[in-house]
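See below for the structure under consideration.
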Number of protein chains: 2
Amino acid sequence: MGVTRVYSYTLAGKAGVTPEQVRKDFSEYGIKGNRRGGYLTESLIRAIEVIFSRDRKSNVVVVGMGNLGQALSRYERFAGRGINIVATFDIDPYKHKSRSDIHVYPMERLEEITERFGVTVAILAVPEISAQEVCDELVNLGIRGIVNFSPVLLKVPQYVVVNNVNLSDEIESVILSVRRMKEEQTLFL
Amino acid sequence: MGVTRVYSYTLAGKAGVTPEQVRKDFSEYGIKGNRRGGYLTESLIRAIEVIFSRDRKSNVVVVGMGNLGQALSRYERFAGRGINIVATFDIDPYKHKSRSDIHVYPMERLEEITERFGVTVAILAVPEISAQEVCDELVNLGIRGIVNFSPVLLKVPQYVVVNNVNLSDEIESVILSVRRMKEEQTLFL
DNA sequence: TGTATTTTGTGAATTGTTTCACAATAGATC
DNA sequence: GATCTATTGTGAAACAATTCACAAAATACA
């Protein structure tokens, strides 16, 4: 778009943080700007690509093809971020064979496919009851990172990274904040 | 289940935090336990229900019935947390009328339905391009809280609460951590 | 080329959060 | 009922993150 330089306050505005934050973070990672000249977009983008490994693609699998698993496997935005869903799995793959979506494999083929595609990260969207069991299986197959959508605190070895996403919590926290704000407001009337 | 008392370290273990954290948080909200006796489950649950407004149900709407919106509208776990999806909306409701799911209304009926059911919180799962526009509409109709699934920083008045959920970020952060850990490990070999 | 101005880069100050450590005490045990 | 023990409750200490404030440097402009 022809923009060659950006300033800490521009980025801060877009990201909803303070300019100091932006500068401190950049400085932390050795990203240098020019005093008075701001940051050069090209080199900035390259630096960020390296820091976030955006220069490489990463193969991941989705395990559990319920509502959420299906939605995640069709989510187009992952591609643009180097997140490449190579396969999806379910205990009952025939249940979901319906449309011409991404192929659903039975759990038995997990090992073969994770190995073939060098998958180290899995998205876990199975029911609460089987979450820990499936998690153990994944860890045994060499999975090193799990994005966990079940409301369960997974027990994993220290070398495995887990990121918990709890949709109920996200919504509840907004409901709570809204209630709190309303209560505050009525106090002033 | 007949359990009448719990201890800070029990809860801490289940939640993956320290016992001190549990006690400090409880103390912050005036939840009292008995020295040596722990916390009484019954009164603890009641206190938490009040703090998180779990004693009341909250009506919410889902706006945008793409993959994610559909998955969210079918997510059974919300009910058990007092989150009640009363209606879903899309610009093109006929596209999604297929199965006997929850009813999809056209955007034109947003006002009528939010008013009727006293909806103050909306789940926004529309494409990036229309996110701000739909958000403005929601705010105009009196929505006070938004759970935003589009990768956009929404501009809203101060009295509106926004909670951003970025699925690409969640997955990317795990990918990153895994790469970092692997790099660390190879250094030791 | 010199001066004014803008923006970075970063120590220091502030603010916020987590952990420590231990007195107070309720309950268990004899 | 006296003593022992486990657990809470919370100030103080340590740690972490954010904001402030300003010198240093690069550009703009005369």
Side-chain angles (χ1 to χ4, degrees), chain A residues 1-52 153 155 158 161-164 166 169-170 172-174 176-177 180-181 184, chain B residues 1-52 153 158 161-166 169-170 172-174 176-177 180-181 184:
Chain A
M1 293 169 74
V3 180
T4 57
R5 12 184 72 166
V6 273
Y7 307 106
S8 58
Y9 55 82
T10 324
L11 295 168
K14 293 282 177 194
V17 297
T18 62
E20 295 90 338
Q21 189 89 263
V22 171
R23 297 207 299 276
K24 267 256 149 107
D25 288 354
F26 282 3
S27 146
E28 187 77 17
Y29 281 93
I31 294 177
K32 302 266 178 222
N34 302 321
R35 290 170 201 248
R36 170 95 205 223
Y39 301 89
L40 277 89
T41 46
E42 258 189 70
S43 62
L44 180 58
I45 289 168
R46 260 201 297 279
I48 289 172
E49 278 174 351
V50 170
I51 292 165
F52 288 102
L153 192 76
K155 288 192 245 344
Q158 316 91 298
V161 178
V162 177
N163 203 348
N164 296 300
N166 190 323
D169 285 353
E170 300 291 343
E172 184 173 75
S173 85
V174 171
L176 251 184
S177 304
R180 293 261 153 80
M181 284 183 93
E184 266 176 47
Chain B
M1 292 170 76
V3 179
T4 57
R5 17 185 69 163
V6 273
Y7 308 105
S8 59
Y9 56 82
T10 324
L11 295 168
K14 292 283 178 194
V17 296
T18 62
E20 295 87 339
Q21 189 89 264
V22 171
R23 298 208 297 277
K24 266 259 148 105
D25 287 352
F26 282 3
S27 147
E28 187 77 17
Y29 280 94
I31 294 177
K32 301 268 178 216
N34 301 321
R35 290 169 202 249
R36 170 92 208 226
Y39 300 88
L40 279 90
T41 45
E42 258 189 71
S43 62
L44 180 58
I45 289 168
R46 259 200 298 278
I48 289 171
E49 278 174 351
V50 170
I51 290 165
F52 288 101
L153 193 76
Q158 319 91 297
V161 179
V162 177
N163 203 350
N164 296 300
V165 182
N166 189 324
D169 284 354
E170 300 291 342
E172 185 174 74
S173 86
V174 171
L176 252 185
S177 304
R180 294 259 153 82
M181 284 184 91
E184 267 177 47

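Chain letters run A, B, ... following the sequence lines, proteins first and then strands; every chain starts at 1. Keep in mind that what you see is a predicted model, and the values were worked out from it rather than measured.
A:S177 places a side-chain N or O within donor-acceptor distance of the main-chain N or O of A:S173, the cut-off being under 3.5 Å. Side chain of A:N163 to backbone of B:V174: no donor-acceptor contact under 3.5 angstrom is found.
Aromatic rings from B:F26 and B:Y39 are positioned such that their centres are separated by under 6.0 Å.
Between the CD1 atom of A:I31 and the P atom of C:dT8 there is a distance of 13 Å, rounded to whole Å. When rounded to the nearest whole Å, the span between OH of A:Y39 and P of D:dA25 equals 16 Å. The distance from atom NZ of A:K32 to atom C1' of C:dT8 is 10 Å, rounded to the nearest whole Å. In this structure, the CG atom of B:L44 is 11 Å from the P atom of D:dT8, given to the nearest Å.
Using a 4.5 Å heavy-atom cutoff, the side chains of A:I51 and B:L176 are not in contact. Residues A:L44 and A:L11 meet the side-chain proximity criterion, which asks for heavy atoms closer than 4.5 Å.
Of all the heavy atoms in B:G38 and B:Y7, the pair that sits closest is CA-CD2, 3.5 Å. Taking each heavy atom of B:L153 and A:G13 in turn, the nearest pair found is CD2-O, 4.0 Å.
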I'd like a table of atom pairs between the protein and nucleotides 27-30 of chain C - only N or O on both sides, under 3.5 Å - with the distance next to each one.
| residue | atom | partner | partner atom | Å |
| --- | --- | --- | --- | --- |
| C:dG27 | N2 | B:R36 | NH1 | 3.1 |

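Residues from residues 7-18 of chain B lying near DNA chain D, meaning a heavy-atom separation below 4.0 Å, are B:Y7, B:S8, B:Y9 in numerical order. Residues of residues 21-28 of chain B having a heavy atom closer than 4.0 Å to DNA chain D, listed by number: B:R23, B:K24, B:S27.
Here OH of B:Y9 is found 11.0 Å from CZ of B:R23. Values are rounded to the nearest 0.5 Å. Taking OG of B:S8 as the reference point, atom CD of B:Q21 lies at 11.5 Å (rounded to 0.5 Å).
For B:E42, the CD atom counts as loosely surrounded, since its 6.0 Å shell holds 12 or fewer non-hydrogen atoms of other residues, nucleotides or ligands.
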